[in-house]
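Would you mind keeping the following structure in view while I ask a few things?
So you know, we letter chains A, B, ... as the sequences are listed, proteins then strands, and number each from 1.
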Amino acid sequence: MLMMLIAGIAVLAFISASAMFLIWWERKVSAHIQSRFGPMRVGWHGVLQPIADAVKLLLKEDIRPAEADKLVWWLAPFFAVVPPVMAFAAIPFGKSLIPKDLNVGILYIMAISSVCVIGIFMAGWGSNNKYSLLGGMRSAAQIVSYEIPMILSMITVVMHANSLSMQKIVEAQSRHWNILHPNMLLAALVYTIAATAEVNRAPFDIPEAESELVAGFHTEYSGMKFAMFFIGEYTNLFIIAAISTTLFFGGWHGPFLPPVVWFLSKTYLCIFIWMWVRWTFPRARVDQLMAFAWKVLTPIAFVNLAITGWLLLK
Amino acid sequence: MNTSQTKDICTEEFLINMGPQHPSTHGVLSLELKLDGEMIRDCTAHIGYLHRSMEKLAENRTYTQFIPYTDRLDYVASMNNNMGYVMAVEKLLNLEISDRAKYIRVIAAELNRIASHLIAIGTFAQDLGAFATPLFYCFREREKIIDIFDQICGNRLTYNYMRIGGVQFDLPKGIDEKIKKFIKYMRSKVDDYDWLLTYNTIFLARSKHIGLLPKDLAINYSVSGPNLRASGVKWDLRKDEPYLVYEKLEFDIPVGENGDSWDRYKVRLEEIRQSLKIVEQALGALPEGDPTVKIGRIHKPSPSEIYLRTENPRGELGFFIISDGSAYPYRLKIRSPSFSNLAVLPELVKGLKIADIVCILGSLDILMGETDR
Amino acid sequence: MRTNEIFMAIKTDFPEARQEEETGAVIIPKESLLKITQYLKNHRLAFDNLHCITAIDRAERVELAYTLYSISEHHGITLKIYLTAGEENVASLAELWKSANWLEREVYDLFGVIFLNHPDLRRILNPYDWKGHPLRKSYSHPEVSIKPRL
C-alpha cells in the first residue's frame, strides 16, 4: 500500500516536471527553428520560464462564459488531464521500474488514452462557443478515425512479442529492436502519423486550428483550466513517445547506461521529432485528414498486419 | 425512437461571425459565414472598422500635408503609396522631376514591394497553419529592408519619403553596397522558400485548386496586381503603362496558370525575384544629380482633374484628384486595390470548407488600412 | 485607342454624348447610362474593367465619374454623369461589372447617390446606422474641424 502511494507520488511529480520541461523545450526548439532565441530571461536560457508561466496562469481570473453548460464545462479539463496520467501506470521506465506491469498493458493504455476525446468534446460543447464546438466535433472525428490505424500498427508488435504486457514487449526486443524489421518499420511509420493526429499536434492540429478556429475547443478557457489542457497535451505527448519507444525502439534496452536513462533519452528524442514536425509543416484540412486516415493509413495498416501474420506463420 | 421525436430533429445552418477580432482576418475584417457543418453556404463581408475618412481629411490638408496620410493606407508598402500620390500631384502640376529622383523612387518602391510580398507570403503560410516559422523567416528578411529604409529616410514603417518634385533626402553614402549585399542575400532566401514551402505536399494540397478565380471574373471584379496575374492575365502597369524609368529596366511579369491560391502565392514569390532584378539594374544605372526638392511646399494647381494609377504590391492604386485652384484638393478619391480584391471573396468561398476561407483570404493578401481608408 | 477616338466611336452611336473640355471625360445623360455602358462593354471597344466609380460634390450638382479600362485593348476612358441636386439617383451597373457592387455602395455611403436596381445597397465604410453622407460639402459633424484656408 505504502509502495503504491510512493509510486503514485513519484509518477505525479515526474509528470509535472516532465510537462514543464517539455513546455520549455518546445519553446526553445520552436525558437531555434524560427531563428530566434525563445525565453532567455527567467533563469539560465529561460529554464524557469514554465514556472513563471504556471504562476501567471494560477493567478489569472477564471472566466466562465455566461451561457456555458456549467457542469460539462467545469469537468472537461479533468477529462483532458486524468487519462494521460492514468496511462503512466503501465509505462515501463526500466527493468523493474514500472508502476504496475499489467498483463494487458498496451490495451489498457489505448483504452485509457481514448477517454481524452471525451474531455475535448465536453470542452467544445460546454463552452457554448461556435468555434469551440467546431473544434470539439473535429477532434471527435479525428481521434476516432486515427485510433484504428494506430491500434492496427500496435497489433503487429503484439503479434511479435506474443503478449500484451509492456514489459514482455520490451523483453522480446532484447536482441534487436522491432524497428529493424521492415514490416515493423512500416508499422512504426503508421503509428507515428496516427499518434500525431491522436494528440492533435501539427500538421494534424485541426481541433485547435489557430488560424480558423481561434483556439478551437479551449478558446473559452483561462487560468488554471487552460493550464490543465496544456499539461494534458504535453503528458499525452510524453505517453505516445514512450509507447513508440517501448514498441519499436527497444524500450529501456541499451548498453552501458542504466535502463531508465536509455528509456528517457529515446523518449525525448521521439518527442523532439514530433516538435520538429510541428514547427515545420503547414496544417492539413479536415477532410484531407479524414481521407488520409481511411483511404491510406488504415489499408496500409491492415495489409501490414496480414503480412506480419503470414511471416509469423511461415 | 418514436416518430414524434424524429420530427423534432432537424439540421440548421450555423451562423458564425469571423472577425473583426480573429487571428486570420488580416486586421479588422468581419466575415459573416453561414455554415453547413464545415461547409460554407454563404459569406458576407463587413468592412469599415478602420475607416478614418482619409478622403474627407484630404480636403482639409494641403497637397504636401497629405503625404504622411498615404503612409497609413497600405501600411506595409508606404513607399509605393507615397509614390502613387506624389506622382498624381506632379501630373496635376505638370512637374518634371530629376532623373536621379526617378531612379531612387524605383529603388525604394521595389524594395518596399519585396517587403510587402514577404509579409504576404509569411502570413499566407501562417494562415495555412505553418505555425509562425515561415512568418519569422519572412520577417527576418524584411527587417533588412527596413534597416535600409531606416538609413535612407529615418523611418521604419511610415516613411513619408517622397516629396512633390523629388524625394526627401538623397541616398546616404554606402547604402548601395548594403542594398547589393541584400540582393545577394535575398536571392538565396527566395530559393530557400521554394525548397521549404512552395512544393511541400501539405502546402500544395491546401492551396492548389482552392479559390479558383477565372480570368474573366477577375477582370470583371476589377481585381488587380498579383491576384490578377495569378489568373493568367499578363497585365502590369509597370510594363503596360510604364511610369518613371520602368521602360528602361528589364524584368518579366510572372503569371499564374489556374488562378488558385497557390498561383497567387507563386506569383508573389516570382515578383520578389523580378523586383530584385529591377533594384539591381536601377542601382547600376543611378545617375548623378540632386533628387531633393527645390520648390516651395504650397502648390496651387489650376482647376483640373487627373486620375493616375500605379502598380502597388497589392494591385493598382489610383488617385483621382480634383483641384479648384486653391492649395487644397477639392476632392481626392483613393482607389485602393484591396477594396476591389476583397469584393471577390464571397464569390470564391461558396461550397468550400471553413479552413479554405482562411487560405483564400491569405492568398488575396488584403490589407484593411487601404480597404477602409 | 486614344480618348478622342473612343469619344468619336461613342458619338456616332449615341449623339447625346459630349466631351468635357478641360478633362476629356465623356459626359452622358443619366438615362442613357445603361445603354452606353452595355455598348462599351460588348462593342469592339471591349471595356472589360470598371476600375473606379466616384462622385464629386459641386454644390449645384453631383458628378459621377466612372473610370473604365480595357485590359485586352489597352485603353481607358472616364464617363461622367451630372446629377442635379435633389435627383441623385442613377441606374446601377452591378449587372454588367461586378466590381460596381462595392464601388456603388461606397458612393452611396459617402455621397448619398441612390443606385437603382442595386442588389444590395447598404452603407459600406460607415456604420450601418450612420446619419448623413460625409463627403458631401454640406455635411457637418462636430468632430470635423476645418483648418484655416491658406
Are there over 12 heavy-atom neighbours, none belonging to C:Lys30, within less than 6.0 Å of that residue's NZ?
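Counting other residues, nucleotides and ligands, NZ of C:Lys30 exceeds 12 neighbours.
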
Between B:Tyr246 and B:Tyr243, ring centroids under 6.0 Å
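Ring centroids of B:Tyr246 and B:Tyr243 are less than 6.0 Å from each other.
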
Whether C:Tyr69 and C:His51 hold their rings parallel, tilted or perpendicular, with breakpoints at 30° and 60°:
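Ring orientation of C:Tyr69 relative to C:His51: perpendicular.
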
Of the backbone (N, CA, C, O) and the side chain (C-beta and beyond), which part of B:Ile47 lies under 4.5 Å from a heavy atom of chain C, both, or neither?
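For B:Ile47, the contact with chain C is made by backbone and side chain together.
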
Identify the two heavy atoms, one from B:Gly211 and one from B:Arg264, that lie closest to each other, and give their separation to 0.1 Å.
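For B:Gly211 versus B:Arg264, the nearest heavy atoms are O-NH2, 3.0 Å.
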
Proximity breakdown for B:Val344 and chain C, heavy-atom pairs closer than 4.5 Å:
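Looking at B:Val344, nothing touches chain C.
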
Most contacts with chain C, counted as non-hydrogen pairs under 4.5 angstrom, among B:Leu217, B:Thr371, B:Leu342
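Going by pairs under 4.5 Å, I would pick B:Leu342.
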
Do side-chain atoms of C:Lys41 reach the backbone of C:Leu96 as a donor and acceptor pair under 3.5 angstrom?
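Such a contact is found between C:Lys41 side chain and C:Leu96 backbone.
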
Do you know which of B:Arg309, B:Glu347, B:His51 has the most heavy-atom pairs under 4.5 Å to chain C?
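Looking at each option in turn, the highest pair count goes to B:Arg309.
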
Engaged part of B:Leu228 at the chain C interface, taking heavy atoms whose separation is under 4.5 Å:
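B:Leu228 touches chain C through side-chain heavy atoms alone.
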
Under 4.5 Å heavy-atom distance to chain B, tell me which part of C:Ala65 shows up: side chain, backbone, both or neither.
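Just the side chain, heavy atoms under 4.5 Å.
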
So which of C:Ala100, C:Pro127, C:Cys52, C:Ser72 has the biggest tally of heavy-atom pairs under 4.5 Å with chain B?
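Winner by heavy-atom pair count: C:Cys52.
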
B:Ser338 (side chain) donor-acceptor with B:Leu367 (main chain) under 3.5 angstrom:
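Present.
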
Sub-4.5 Å heavy-atom contacts with chain B: which residues of residues 102-114 of chain C show up?
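Residues C:Trp102, C:Leu103, C:Glu106, C:Leu110, C:Phe111 are the ones that qualify, each having a heavy atom under 4.5 Å from chain B.
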
For a quick check under 3.5 Å, do C:Asn117 and C:Ser92 share a side-chain donor-acceptor pair by atom type?
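Distance-only check fails for C:Asn117 and C:Ser92.
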
A side-chain contact here means heavy atoms from C-beta on lying under 4.5 Å apart; do C:Pro119 and C:Asn101 qualify?
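Yes; the side chains approach each other to less than 4.5 Å.
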
What part of C:Leu50 lies closer than 4.5 angstrom to a heavy atom of chain B: side chain, backbone, both or neither?
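Only the backbone of C:Leu50 comes within 4.5 Å of chain B.
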
Is B:Arg52 salt-bridged to B:Asp372, going by a charged N under 4.0 Å from an acidic O?
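No.
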
Between C:Glu63 and B:Arg331, is there a side-chain N and carboxylate O pair less than 4.0 Å apart?
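Not counted as a salt bridge, because no side-chain N and carboxylate O are separated by less than 4.0 Å.
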
Would you say the side-chain atoms of B:Trp235 and B:Glu311 include a donor-acceptor pair closer than 3.5 Å?
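Note: B:Trp235 and B:Glu311 side chains miss the donor-acceptor criterion.
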
What part of C:Arg122 gets within 4.5 angstrom of chain B, counting heavy atoms only: side chain, backbone, both, or neither?
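Just the side chain, heavy atoms under 4.5 Å.
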
Given a strict heavy-atom distance threshold of 4.5 Å, which part of B:Phe320 is in contact with chain C: side chain, backbone, both, or neither?
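Side chain only.
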
Do the side chain of C:Trp97 and the main chain of C:Phe47 share a donor and acceptor less than 3.5 angstrom apart?
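Pair found, side chain donor or acceptor close to backbone of C:Phe47.
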
Measuring heavy-atom distances to chain B, does C:Asp57 have an atom under 4.5 Å in its side chain, in its backbone, in both, or in neither?
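Just the backbone, heavy atoms under 4.5 Å.
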
Contact origin within B:Ser302 toward chain C - heavy atom pairs under 4.5 Å:
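Answer is neither: B:Ser302 stays 4.5 Å or more from chain C.
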
